[in-house]
Trainee: 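Okay, here's the structure, questions in a sec.
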Amino acid sequence: KIGFAFAEEVGVGDEAMEMLCEGLGSFGFPSIGSREVSASTALILGEIGDDRAVEPLIETLASSDHDDYETNEILLEAVFRALGNIGGEKAAEGIADALTGRYDGLYYSPESTDCATTALTKIGEPAVEVLMEFVTMKSNDTWPSIEGYQVSTLEIKENAARIIVDILGTRKATDLL
């Protein structure tokens, strides 16, 4: 993979990647004062583009809490961007799990959701299978968002279909959908 080759070429070995991933706070959610540092670290990992960062980035999403909304949103958006830059099916699955509230039962702000949508679009075809799970989900319920309003699963299905069209183009998406 290009990201891994780049990381190896510039000397970002296992030890350096491990240190950067620890900077995410993925081995225990970062303290409130360090979320900005974790967000910067996530963006750096995304720029490096190494697959080894995907799991720690996903762990950061999974361990997010919503006590400090503003700094938490900064961190979440940075992680979504990083996963979008790294790409791959595992990154797409992590973003999708965050969007469905699988980690904490809550949904994110419209800004974070837009950032996640951009990341999934950037990932491209590896994200299509994950997005199809949204489109074909049977539930027509509403889910609670972080801001307290209800998110319709129909809205989630429509957004997923739009992203698939953005990735595949209208003709291929129509055949799939």
Trainee: Distance from Thr41 atom OG1 to Leu75 atom CG, nearest 0.5 Å?
Mentor: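 Interatomic distance, Thr41 OG1 to Leu75 CG, rounded to 0.5 Å: 9.5 Å.
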
Trainee: Search all heavy atoms of Ile167 against all heavy atoms of Ala127 and return the closest pair with its distance.
Mentor: CD1-CB, 4.4 Å

Trainee: Please report the shortest heavy-atom distance between Gly46 and Ile86, naming the atom on each side.
Mentor: CA-CG1, 4.2 Å

Trainee: Could you state the interatomic distance from CG (Asp166) to OG1 (Thr121), rounded to the nearest 0.5 Å?
Mentor: 5.0 Å

Trainee: Ion pair present between Arg81 and Glu47, side-chain N to carboxylate O less than 4.0 angstrom?
Mentor: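 Looking at Arg81 and Glu47, the cut-off is not met.
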
Trainee: Among all residues two or more places apart in sequence or in another chain, which pass the salt bridge (Lys or Arg N to Asp or Glu O under 4.0 Å) test with Glu129?
Mentor: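 Expected list: none.
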
Trainee: Compare every heavy atom of Ile95 with every heavy atom of Ala119, then report the nearest pair and how far apart it is.
Mentor: CB-CD1, 3.7 Å

Trainee: Might you point out which heavy atoms bring Ala96 and Val130 nearest each other, and give the distance in Å?
Mentor: CB-CG1, 3.0 Å

Trainee: Could you walk me through whether Asn159 and Thr117 pass side-chain contact (heavy atoms from CB on, under 4.5 Å), step by step?
Mentor: CA-CA 8 Å; Asn159 288 338; Thr117 298; 5.7 Å; no

Trainee: Find the distance between CZ (Phe80) and CG (Asn85) and round it off to the nearest 0.5 Å.
Mentor: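 Here the interatomic distance stands at 14.0 Å.
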
Trainee: Which atom names give the shortest non-hydrogen contact between Ala78 and Ala39, and what distance separates them?
Mentor: CB-O, 3.4 Å

Trainee: Hey, mind stepping through Leu120 and Leu83 against side-chain contact (heavy atoms from CB on, under 4.5 Å) and telling me if it holds?
Mentor: CA-CA 9 Å; Leu120 288 168; Leu83 289 170; over 6 Å; no

Trainee: Got a second to check how far Glu59's CD is from Glu55's CD, nearest 0.5 Å?
Mentor: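 That separation rounds to 5.5 Å.
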
Trainee: Please report the shortest heavy-atom distance between Ala42 and Leu57, naming the atom on each side.
Mentor: CB-CD2, 3.8 Å

Trainee: From Ile58 CD1 over to Asp97 CG, what is the distance, rounded to the nearest 0.5 angstrom?
Mentor: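 Answer rounded to 0.5 Å: 7.5 Å.
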
Trainee: Evaluate the criterion side-chain contact (heavy atoms from CB on, under 4.5 Å) for residue pair Lys172 and Glu125; output intermediate values, then yes/no.
Mentor: CA-CA 11 Å; Lys172 281 177 82 174; Glu125 290 200 25; 3.7 Å; yes

Trainee: Following the transitive rule for hydrophobic clusters with a side-chain heavy-atom cut-off under 4.5 Å over Ile, Leu, Val, Met, Phe, Trp and Tyr, establish whether Leu45 and Leu43 coincide in one cluster.
Mentor: no

